Chemist: 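Can you read through this structure? Questions will come right after.
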Amino acid sequence: MRSTATAIVSQLQAAGHSAFWVGGCVRDVLLGREPEDYDIATSALPEQVEALFRRTIAVGRKFGVTIVVEGETQFQVATFRAEADYRDGRHPEQVTFGDAMADARRRDFTVNGLFYDPVRRQLHDWVGGEADLRAKVIRTIGSPAERFGEDHLRLLRAVRLAAQLGFEIEGATFNALKSLAEKIGTISAERVRDELLKLFSPPHAARGLELLRDSGLLAPLLPELAATIDCEQSPDFHPEGSVFNHLVLMLRHLRERVDPSLPWAVLLHDIAKPATATRDPVTGSVHFYEHEKLGAGMAARILQRLRFPRKQTEDIVQAVRCHMQFKDALQMRKSTLRRLLLRETFPLELELHRLDCL
């Protein structure tokens, strides 16, 4: 993929256009990571890009975006542009094609504003991104309030990037994020879901959950999970304290390559504990009778709200509903145990139980 992305830049430059790798791929290369994809920014207009390459897909002519298809891989090639007059927290009312420097300054975070010429092997940094990469800092380009106001999803992207990269969020950026956290409610469920899927991927899922809490984003996004923060548990079974602490510890134990449904089974398996909590007046112990049954319904509603695929929703809900059965395995009849073992979701349920025990 890297050699093809270099060849695209080279072809654009040979035709007299400026062209660079841009954004996350530059950040990842500088961090020694393999990029998932390569985005290219160029002075060429969409029609000029289409004329240069055999297979293209016009996906956003207004925004100057063209997909160049090489083999089975797609590369996003975008004309340098500046944007202004955001009114809905997502779309700019004004888009003008400009130069590379203006294009860099319209982007979200400094670490995503780096341009790299793979032909000449030159890095271009007009926003201070290289220094922030070295310092391991997520910082908006320019005013945090303006950048978050342009696209409210950037609030969640800041948290996701900080968790994913192991970076800290710069002070002014984090303060603006916290003050604007409620704005995340204006973003479509699909866009939120896609960011949360990345946020809750191991090995950074636990820090992702903690950053959601600390930033104020957890309550507007997942109020049911926010309720676990103050939901205490009996120390004889849960010396770690609250349900939220329990979830964080489970997420820390996630292996790197897991069923994509497992982090969500972890997050939602005790989701009904705040609603079912009762305290024994004599012993003071806290009980959560039938929380798994109520939790299955709550989990289904949350996943439907986030537009999860139907099959994945059913698998996660099954894991939530049945997660208390494993404690009775030694007393089960063989026929009951056989049915448990033969469930399609048994591997997911067993891994959830392993994490719960840990």
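Sequential numbering from 1 along the given sequence is applied to the chain's residues. Because the structure is a prediction, the values reported are computed rather than measured.
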Chemist: Among R191, K183, R106, find the one that has a salt bridge (charged side-chain N to carboxylate O under 4.0 Å, His left out) with D151.
Modeler: R191
Chemist: Within the side chain of S242, is there an N or O that forms a donor-acceptor pair under 3.5 Å with the backbone of N245?
Modeler: yes
Chemist: Are D103 and R107 close enough, and set up right, to give a salt bridge (Lys or Arg N to Asp or Glu O under 4.0 Å), and what steps lead you there?
Modeler: CA-CA 7 Å; D103 192 88; R107 294 175 180 270; 2.8 Å; yes
Chemist: Which is it for Q76 and V65 under the side chain to side chain contact (heavy atoms under 4.5 Å, CB included) test, yes or no, and what are the steps along the way?
Modeler: CA-CA 7 Å; Q76 181 174 290; V65 179; 3.6 Å; yes
Chemist: Please lay out, stage by stage, how M332 and Q325 fare under the test side chain to side chain contact (heavy atoms under 4.5 Å, CB included).
Modeler: CA-CA 10 Å; M332 284 181 184; Q325 292 181 1; 4.2 Å; yes
Chemist: Would a 4.5 Å heavy-atom cut-off, applied to side chains only, mark L247 and E240 as touching?
Modeler: no
Chemist: For R279 and G284, indicate whether the former's side chain and the latter's backbone hold a donor-acceptor pair under 3.5 Å.
Modeler: yes
Chemist: Is there side-chain contact between V29 and P35, with at least one heavy-atom pair below 4.5 Å?
Modeler: yes
Chemist: Minimum heavy-atom separation for S234 to V286, with atom names?
Modeler: OG-N, 2.7 Å
Chemist: Apply side chain to side chain contact (heavy atoms under 4.5 Å, CB included) to the pair L251 and L267, showing each step before the final yes or no.
Modeler: CA-CA 8 Å; L251 292 174; L267 289 165; 4.0 Å; yes
Chemist: Would you kindly say whether D117 and Q13 are connected by a side-chain donor-acceptor distance under 3.5 Å?
Modeler: yes
Chemist: Taking all heavy atoms of T42 and all of S18, pick out the closest pair and write down the distance.
Modeler: OG1-O, 2.7 Å
Chemist: Can you tell me how far the OG1 atom of T276 sits from the CZ atom of F288, to the nearest 0.5 Å?
Modeler: 6.5 Å
Chemist: Just by distance, no angles: are the side chains of R321 and Q318 close enough, under 3.5 Å, to form a donor-acceptor pair?
Modeler: yes
Chemist: Taking atom CD of E36 as the centre, report whether more than 12 heavy atoms of other residues, nucleotides or ligands fall under 6.0 Å from it.
Modeler: no
Chemist: Keeping to residues at least two apart or across chains, list the ring pair (Phe, Tyr, Trp, His ring centres under 6.0 Å) pairs with something in residues 117-146.
Modeler: F20-H124, F115-W126, H124-W126
Chemist: Of all heavy-atom pairs between D280 and H287, which one has the smallest distance, and what is that distance?
Modeler: CB-NE2, 4.1 Å
Chemist: Side-chain heavy atoms nearer than 4.5 Å, only ILVMFWY residues, links allowed to pass through others: does that put L352 and L249 together?
Modeler: no
Chemist: How far apart are the closest heavy atoms of F53 and E70, and which atoms are they?
Modeler: CD2-OE2, 3.9 Å
Chemist: Given F75, which of T4, I67, T56 fulfils the side chain to side chain contact (heavy atoms under 4.5 Å, CB included) condition?
Modeler: T4
Chemist: Are L254 and L197 joined in one hydrophobic group, where the rule is that I, L, V, M, F, W and Y side chains link up if heavy atoms are under 4.5 Å apart?
Modeler: yes
Chemist: I need the full list of ring pair (Phe, Tyr, Trp, His ring centres under 6.0 Å) pairs touching residues 241-284, with sequence neighbours left out, sorted by first then second residue.
Modeler: F200-W264, H238-H246, H246-H269, W264-F308, H269-H323
Chemist: Salt bridge check: are E210 and R252 linked by an N-O gap of less than 4.0 Å?
Modeler: yes
Chemist: Looking only at heavy atoms, what is the nearest atom pair of P274 and I271, with distance?
Modeler: CD-O, 3.5 Å
Chemist: How about D132 and V127: do any of their side-chain heavy atoms sit closer than 4.5 Å?
Modeler: no
Chemist: Looking at every heavy atom in both P46 and T79, which two are closest together, and how far apart are they?
Modeler: CD-OG1, 3.5 Å
Chemist: Looking at E314 and K311, is there a salt bridge between them, counting it only when a charged N and a carboxylate O are closer than 4.0 Å?
Modeler: no
Chemist: Establish whether L294 and I316 are linked, either directly or via other cluster members, by ILVMFWY side-chain heavy-atom contacts under 4.5 Å.
Modeler: yes
Chemist: If you define the side chain from C-beta out and look only at heavy atoms, does anything of I187 sit under 4.5 Å from E195?
Modeler: no
Chemist: Enter the distance from D39:CG to W21:CH2 here, rounded to the nearest 0.5 Å.
Modeler: 12.0 Å
Chemist: Give a yes or no on whether the backbone of R147 and the side-chain of R154 come within a donor-acceptor separation of less than 3.5 Å.
Modeler: yes
Chemist: What is the distance from atom CG of L211 to atom CG of L218, rounded to the nearest 0.5 Å?
Modeler: 11.0 Å
Chemist: F167 versus L133: any side-chain heavy-atom pair under 4.5 Å?
Modeler: yes
Chemist: Short question: side chain of R193, backbone of R307 - any donor-acceptor pair under 3.5 Å?
Modeler: yes
Chemist: Between L212 and L156, is a side chain to side chain contact (heavy atoms under 4.5 Å, CB included) present by the stated rule, with each step listed?
Modeler: CA-CA 8 Å; L212 276 187; L156 183 52; 3.8 Å; yes
Chemist: Assess the side chains of S261 and D315: does a donor N or O sit below 3.5 Å from an acceptor N or O?
Modeler: no
Chemist: Working to the nearest 0.5 angstrom, can you tell me the gap between E232 CD and K273 NZ?
Modeler: 11.5 Å
Chemist: A side-chain contact here means heavy atoms from C-beta on lying under 4.5 Å apart; do E34 and R2 qualify?
Modeler: yes
Chemist: Side-chain heavy atoms nearer than 4.5 Å, only ILVMFWY residues, links allowed to pass through others: does that put V320 and M298 together?
Modeler: yes
Chemist: Is the shortest side-chain N to carboxylate O distance from R255 to E351 below 4.0 Å?
Modeler: yes
Chemist: Look at E168 together with R207 and state whether they make a salt bridge at an N to O cut-off of under 4.0 Å.
Modeler: yes
Chemist: Would you give the length of the straight line joining atom CG of D270 to atom CG of L225, rounded to the nearest 0.5 angstrom?
Modeler: 10.5 Å
Chemist: Out of curiosity, R160 CZ to L199 CG, how far, rounded to the nearest 0.5 Å?
Modeler: 8.5 Å
Chemist: Taking the side chain as everything from C-beta on, heavy atoms only, tell me whether T6 gets closer than 4.5 Å to Y38.
Modeler: no
Chemist: In terms of hydrophobic clusters joined by side-chain contacts under 4.5 Å, are L262 and M324 together?
Modeler: no
Chemist: Is the number of heavy atoms from other residues, nucleotides or ligands under 6.0 Å of E344 CD greater than 12?
Modeler: no
Chemist: Look at R134 together with E130 and state whether they make a salt bridge at an N to O cut-off of under 4.0 Å.
Modeler: yes
Chemist: Does a side-chain heavy-atom distance below 4.5 Å link V137 with T110?
Modeler: no
Chemist: Side chain of H17, backbone of L45: donor and acceptor closer than 3.5 Å?
Modeler: no
